[in-house]
Amino acid sequence: MNEVRLFEIVDQPIIIEDLIHKVASREVGAITTFIGTVREFTGGKKTLFLEYQAYQTMAEKMLSKIGEEIKEKWPDAMVAITHRIGKLDIMDIAVVIAVSSPHRKTAYEANEYAIERIKEIVPIWKKEHWEDGTEWVGNQLETVRYPAGRPIEEGELK
Amino acid sequence: MNEVRLFEIVDQPIIIEDLIHKVASREVGAITTFIGTVREFTGGKKTLFLEYQAYQTMAEKMLSKIGEEIKEKWPDAMVAITHRIGKLDIMDIAVVIAVSSPHRKTAYEANEYAIERIKEIVPIWKKEHWEDGTEWVGNQLETVRYPAGRPIEEGELK
Amino acid sequence: MIHILLFAGIQEELGMDRLEIESEGIQTVRELKAYLGQKYPSQVLKQSMTAINENFVTEEEEIKEGDTVAFIPPVSGG
Amino acid sequence: MIHILLFAGIQEELGMDRLEIESEGIQTVRELKAYLGQKYPSQVLKQSMTAINENFVTEEEEIKEGDTVAFIPPVSGG
């Protein structure tokens, strides 16, 4: 039997079925997936494509940590997460989270927990490419941006 | 362009990717799926296989109604639901719900709403086949069973 | 004529998946249930909801000539 | 020697994805950030978290010879 890698950063298209197979079993009755896709418009601005970068080894380690946190909170849940990096076009899949459980409530809750934690602790960055420029997006809760070159006051984001 | 049927009862295996494609678009950033699979053990009892029956035309109509309810509550969500009927083995997929939205919160909430409503208003029935017998399972909230032949007092489930 | 559809537990109890009856003397869902309950002993019928022409209705709903009435035992999809 | 990894906005500001510096005189993350901030003007560095050997640490954390220090700008995965 091949080793199943539950938490991966890849630079190729993500096959959703692969993640579902990783968490499926005779014991589970519910599997949820979250599929994050590249949206064309954000805040009225048209994205041409995105570029994702990761601190790969640490990112996989943090994804595993999220898996452990979920195991702690929902012992009967099983989780697999794959995040893609590199250039992604509109409608491409950036991330897939699959969670299985004997019970559906757990499958929904643990899945949502996973995406929230990814946006907090996993070292992955996204660069927007628009017609009129580019920008590395992000803060931990995705509420502000910091255009490269714009002076940001010290402490502003602390 | 072929007509896309968003709400279907089928007697063949469900292809998850098909549902995802029905709700994917350039406008969405989040797609959630719920995949209901046949579990081997329920309440300590071993299931050999399940048999699903539907009042097919009404079931599809009720699935559409759930879609309309979701459109009312979450106007930017898009939903597709397929439920399988007939004989299903352990690990087979009985139902897939796919919801897309520009925003992930909506995609989770609307998806969970859909499965809850399926369990309330869609005329589909499941028959458990065990080693020592069979039973049509169900009440609207899936909390009790009524073994065929057991006297049930009138009003008990009202 | 009233067309009646039977599913799941009721279908097994009555040993058939449909029947047709003359509508004379039967005006409401409640009356139809009472009529069938006498003719065919069924436990599941009592717990069932009713749909006329694919819409859920109450026991007070009137049944018209040519309607399709379905008894819907507690559902268990999903 | 301290190994330093740079990503995203910092990587672009500094024009490199890694650098190595002598660890003499630098004992904590705060001191390393101050040292780099003087040498390379960077806005993103100030907002960044820090990881040593792939674990998030505070600014008070001590840096040891041979450590790999990564500056983690606000993340935007998902």
Side-chain angles (χ1 to χ4, degrees), chain A residues 13-21 23-44 46-50 76 88-116 118-119 126 142, chain B residues 13-21 23-44 46-50 76 88-116 118-119 126 142:
Chain A
I14 303 173
I15 312 297
I16 299 164
E17 294 275 350
D18 287 352
L19 277 97
I20 293 169
H21 288 140
V23 301
S25 77
R26 300 174 73 85
E27 288 78 43
V28 311
I31 301 171
T32 54
T33 68
F34 175 85
I35 301 156
T37 59
V38 179
R39 198 170 50 188
E40 184 163 25
F41 285 92
T42 298
K46 184 177 175 174
T47 298
L48 299 180
F49 64 93
L50 294 183
D76 65 12
L88 272 75
D89 292 315
I90 307 302
M91 286 187 74
D92 277 351
I93 295 171
V95 62
V96 176
I97 303 166
V99 177
S100 68
S101 165
H103 307 289
R104 64 183 183 278
K105 195 81 196 165
T106 297
Y108 283 109
E109 287 179 358
N111 198 306
E112 192 165 6
Y113 178 83
I115 186 67
E116 298 303 329
I118 287 171
K119 290 173 180 289
K126 147 168 106 177
E142 218 181 31
Chain B
I14 303 173
I15 312 298
I16 299 164
E17 294 275 349
D18 288 352
L19 277 97
I20 292 168
H21 289 140
V23 301
S25 77
R26 300 174 74 84
E27 287 79 41
V28 310
I31 300 172
T32 54
T33 68
F34 175 83
I35 301 156
T37 59
V38 179
R39 199 169 51 187
E40 185 163 25
F41 286 93
T42 298
K46 184 176 174 176
T47 299
L48 298 180
F49 63 93
L50 294 182
D76 65 12
L88 271 75
D89 292 315
I90 308 301
M91 287 185 75
D92 277 351
I93 295 171
V95 62
V96 176
I97 303 166
V99 177
S100 68
S101 165
H103 308 289
R104 65 184 182 279
K105 194 82 196 163
T106 296
Y108 282 110
E109 287 180 357
N111 199 307
E112 193 166 5
Y113 178 83
I115 185 66
E116 298 302 330
I118 286 171
K119 288 172 180 292
K126 148 169 104 177
E142 218 181 31

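We use all heavy atoms of the structure for the numbers below, so side chains are in, but hydrogens, waters and symmetry mates are not.
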Drop me the distance from [X]'s [atom1] to [Y]'s [atom2], to the nearest 0.5 angstrom.
X	Y	atom1	atom2	answer
B/Ile15	A/Glu17	CD1	CD	7.5 Å
B/Leu48	B/Glu40	CG	CD	8.5 Å
B/Ser25	A/Arg39	OG	CZ	10.5 Å

Greatest number of heavy atom pairs closer than 4.5 Å to chain A - which of [options]:
options	value
B/Val38, B/Ile115, B/Thr47	B/Ile115
B/Ala98, B/Gly29, B/Ala94, B/Ser100	B/Gly29
B/Ile16, B/Val95, B/Ile31	B/Ile31

Discussion item. So which atom in B/Lys126 and which in B/Leu50 form the shortest heavy-atom distance, rounded to 0.1 Å?
Written reply: CD-CD1, 3.7 Å
Worksheet item: Looking at A/Val99, A/Ile118, A/Ile97, which one forms a side-chain contact (heavy atoms from CB on, under 4.5 Å) with A/Phe34?
Response: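 Single side-chain contact (heavy atoms from CB on, under 4.5 Å) partner of A/Phe34 among A/Val99, A/Ile118, A/Ile97: A/Ile97.
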Practice prompt. Without swapping roles, check the side chain of A/Arg26 against the backbone of B/Ile90 for a donor-acceptor pair under 3.5 Å.
Written response: no
Worksheet item: So what's closer than 4.5 Å to chain B heavy atoms on A/Ile20: side chain, backbone, both or neither?
Response: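 For A/Ile20, the contact with chain B is made by the side chain alone.
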Fill in: chain A-proximal positions within residues 105-113 of chain B [heavy-atom distance under 4.5 Å]
B/Lys105, B/Tyr108, B/Asn111, B/Glu112
Discussion item. When you compare the side chain of A/Val23 with that of A/Val28, does any pair of heavy atoms fall below 4.5 Å?
Written reply: no
